[in-house]
Every structure is written in C-alpha cells, then in structure tokens.
Protein chains: 2
Amino acid sequence: MRSSAKPPSAKLPAKPRRRTARAPAAKPYHHGDLRRVLIDAALQLVGEGGPDAVSVREAARRAGVSPGAPFRHFPSRDALMNAVAEEAQRRFRAEIEAALAEAPASTPANKPLGRFRCLGLAYLRWAMRNPTHFEIISSRRFFDHDEAAGVSQDNAELIDLTERTLAEAFAQGQLRSADLKQVQIAGRALVYGFARMNIDGHFPRWGVAGADAERTAEAILDLFIEGIAKVPGKSA
Amino acid sequence: MRSSAKPPSAKLPAKPRRRTARAPAAKPYHHGDLRRVLIDAALQLVGEGGPDAVSVREAARRAGVSPGAPFRHFPSRDALMNAVAEEAQRRFRAEIEAALAEAPASTPANKPLGRFRCLGLAYLRWAMRNPTHFEIISSRRFFDHDEAAGVSQDNAELIDLTERTLAEAFAQGQLRSADLKQVQIAGRALVYGFARMNIDGHFPRWGVAGADAERTAEAILDLFIEGIAKVPGKSA
DNA sequence: ACCTGAACACCGTTCAAGT
DNA sequence: ACCTGAACACCGTTCAAGT
C-alpha cells in the first residue's frame, strides 16, 4: 500500500576532485553511488555463497553504511536481488550474442541449424562457467515479476532470436518437424535442465565431473540437434 | 563437531486408548511422535508457501510445542528439510513405479522404448502436479549430501531403472545411438528442465498455460523419443 | 528421555532524528 | 536529499531447568 513515488530524477554526475576540497573530506556522509556499490556487493556475495548468502545488512556493511541505508535505494531485499539479476542477465545476453557473432561465416555453422547450435552451446557454456549467476536469473524467487521488466526483456530478446533462427532452419528444410514452438520448448528444456542439474548438484550422481561438464553439454546438444534435423548424419 | 549419537532404537508404537486412561490426559508433556508431526507440519508449510516458507519455529508452533523442542529430533533446519525431502522422494518413486506397472502389456508401450516413454511421462506428470514437492527433492539446498542417503538412494533406484530400460531398447535395436549414457543424461536434462521451468515460473513467458503443461510435456517427450529412435515414424 | 522458556546472534524493515 | 541508529518482529540454535 506504500507508493514509493520515484521521480524521474537524473542521476547525479560523479563529484569532481575531492582531495583538494576545503571541506573535511574524510568519509563523505553522502555515498557516491550507493546503489551501484550495493549491487556490486551483492554480486560478490552471490559469488561467494550463492544467492541465499546475500543479505541486505551484509551488503550495507561492505558498503560501509548503516543497515537502513539500502532501503533508500531498494524498497526490499527482493528489489536488490532483482537489480542483481538484471545485471547478470545483461551479461548473459551480451555473451551469447557475442558468441553468435563469432560464428564463422560460410561453414556449416553458418547455416541456421548451425547457428541454433551456437546459441545452445553459448547458453550452456555460460551456465557452466557462471553457475551462481545463472541461478539468480533462472529462479523466480529473486524477482517479483512486476519489477523484473529488465530481466524479462533481455530474456525475451534471446527467445526471439532463437525463434527466428529456428524458423530459418525450417524454411531451409533443415528440420524434421514443423511444430517449431515445440522444438523450441524442448530445446530450452534441455539446456535449462542441464544447467540446472549442475547448479542443483546432480552431476556427481551422473558421473559428470567438473571438467566433463562442458564436453557432455556439447554432446547432448548434438544428440538433440541430430534428433530434430531432417537428414541425420551418421556419427563420424 | 557435535556427534548426535543416534541409537538404532525401534520407533515406539502409537499409544493405545488415551481417552479412558486414568492419568491426567489433557495435554501430554511428551508428544506422541513429535518427529512425525514436525515432518507433516513442514510438508504442509511447503504446500502453502514453498520450501522457503518452512521454518522450524512455525512447525513447532503447529505441533503445539516450544521453539527448542524440534532440535531434540533434528539437529538443524536442514535435517528437517532432509526428512521432508525423503518423504517426497519416496512418494515420487512409488508413483513412477506404479505408472510403469500399469503400462499395458503386449502393446507398443510394452517394448522397452515405450516403457522409457512411460517413465518420462510419469516423471513429468508428477512434477507438474506436485511442483513444490518436486522442488524440494531437486534443489540441493534442502539436504546436506551426507545425511541425504534416503533421497539419493530412491533417486539412484529410478536412474538404474531408466538405465536398464534404455539398455533393453538398445538391445532390441530401437535406438539410433549406442552412447546410452549420453542419451540418458539428455533425457534427464529434458524432463528435469521442463519440470524446473514450471517451478521457476517460466511457462507464462512461453505461452504454456497451466492446463497446457501436461500436454506440452507429452509432446516434447515424444519429440525427444522420435529423435533417438532408430526408425522415426512420420508424424501421424 | 523429552520438553520449556529464556537467551544469543542474526535477519528484513521502519522511522524519527541527524547532516 | 541522503544517512544514522535505535527499534520491532521475526529467524535458527543453545542450554539450563523443569517433568
């Protein structure tokens, strides 16, 4: 019921030269950019002990600020986690799009299904190398659905990209099934599931040791793609 | 460093007829089976608000007992969650094995790959209908790996069952790939991922409404199985 | 043998008061 | 406009003391 009337105020520019100021510059009462510092502290905490290890108080402590201060910038712990998730999702998207851009032209990898494979591989690779960040952007516990416009949009962008790629693959006769939506959901479930199995600690039970993870990821992705491809190549 | 020397004592049988007892039966100081009651209370809390809504204190409250009492039965909150997870995993396994037993004999469903499909379908169906329970047994946050022998064993049993089924399918020439381990992991990633997407609230974004979930689950499972089958049937 | 109830060290969140 | 610091209502967990 409390409306945190947030005006569209411009962000203040970084204060210039504090050292030679005449004021007592020891420790500024007003933090430079507390919002930013809190997000970074939270990201650090995530890296150290997973999302559950993030507490507003600890983030405040690391920012050198009182327990109540963060609540000037985030209405709740969820809102802070939300900001963290947006940060992670942005990085995720950037890396995937970079990987796609690097795909060598005029090779099999340049055909639509090859690009689809690139997408899946980049997804899996990022998830294997940034498990805690992946956890944050995948679990809904960390954003309230209303506030999470940023996360949702970056993700929707990736979904669209995949959808277009798949549509091209179909147009070029590379796919066996015409039900693209289902193929896409299945593909997503596959990579999401593999990434989640890693996060949730299931790999030891499956005999997938740390170093094997990325190799196995590639193998199951290829298995899936062979399954949806129109002319399945015999294994080399 | 504290060893909770748990003797292999037999569980005490339920006390008979309390109503006509001569002792002051109002509210027994010693609870009948507090351990059991606490697990049930925790299961109820999980049903109401997900795993994070479980607190030892609230479980104690519902059991009508002081905040410290649960710690006579569980060394920590994690241990309580562990017990809850074992309960859920037991139910999960029972349901899947029942579904497999019901598979009609002497039909396509009776061939190994058909049984493999049954397994996957039962897995998905249970996960769709018991999302919070599924979350508990899938996320590692809820058991300490050392204590979780029960969860691990029930799960390992299901994995073995799947493995045997897949091996039979291969022996009967139903599979395209000889790398059974990889097929199994891919299959697991697929169903696990789909179940997790549901839990993590991704379905709205994918246009999968509540009622569609089970239908879609079946569709992607079939898509996967067609992909690994040796003689892919044209879509009907 | 099992439970109580007070205690401790943590949380998230609020709010007057300070600068 | 932003931050402090005390306060409140919660946790998980421990431990003497009760029955």
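When reading the values below, keep in mind they use all heavy atoms of this one structure, side chains included, and skip hydrogens, waters and symmetry mates.
Of all the heavy atoms in B/Ile185 and A/Thr216, the pair that sits closest is CD1-CG2, 4.2 Å. Residues B/Pro131 and B/Asn198 approach most closely at CB-ND2, 4.2 Å, considering heavy atoms.
Remark: P of C/dC15 and CZ of A/Arg72 are 10 Å apart, rounded to the nearest angstrom. Computed from coordinates, the A/Asp33 CG to D/dC2 P distance equals 11 Å when rounded to whole Å. Separating the CZ atom of B/Arg141 from the P atom of D/dG12 is a distance of 14 Å, rounded to the nearest angstrom. Here the P atom of nucleotide C/dG12 and the NE2 atom of A/His73 are 17 Å apart, to the nearest Å. When rounded to the nearest whole Å, the span between CG of B/Leu34 and C1' of C/dC3 equals 9 Å. C/dT13 atom P lies 13 Å from atom CZ of A/Phe74, rounded to whole Å. At whole-Å resolution of the value, CZ in A/Phe71 and P in D/dG5 are 17 Å apart.
Listed nucleotides: D/dT4, D/dC11, C/dC11. Nearest to the side chain of B/Ser55: D/dC11. When each of C/dT4, D/dT13, D/dG5 is scored by its nearest atom to the side-chain atoms of B/Val65, the top-ranked nucleotide is C/dT4.
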>> Let's go through A/Phe92 and A/Tyr123 carefully: what are the C-alpha distance in whole Å and the side-chain angles of both, what is the deciding distance for ring pair (Phe, Tyr, Trp, His ring centres under 6.0 Å) to 0.1 Å, and is it a yes or a no?
In response: CA-CA 8 Å; A/Phe92 185 34; A/Tyr123 186 107; 5.3 Å; yes
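Look at D/dT19: its Watson-Crick or wobble partner, with both distances under 3.5 angstrom, is C/dA1. Across all strands shown, the partner of C/dT14 is D/dA6, judged by Watson-Crick or G-U wobble contacts whose two distances both fall under 3.5 Å.
Aromatic ring orientation, B/His133 versus B/Trp126: perpendicular (interplanar angle above 60°, classes split at 30° and 60°).
In this structure, B/Glu48 places its CD atom where more than 12 heavy-atom neighbours from other residues, nucleotides or ligands lie under 6.0 Å away.
One finds no side-chain N or O of A/Arg57 lying less than 4.0 angstrom from the OP1 or OP2 phosphate oxygen of D/dC10. For the pair B/Arg61 and D/dC10, the criterion of a side-chain N or O lying under 4.0 Å from OP1 or OP2 is not met.
Both A/Val54 and A/Ala69 lie near DNA chain C, and the one whose nearest nucleotide falls closer to the 5' end is A/Val54.
Heavy atoms of B/Arg77 sit under 4.0 angstrom from primed sugar atoms or phosphate atoms, though from no base atom.
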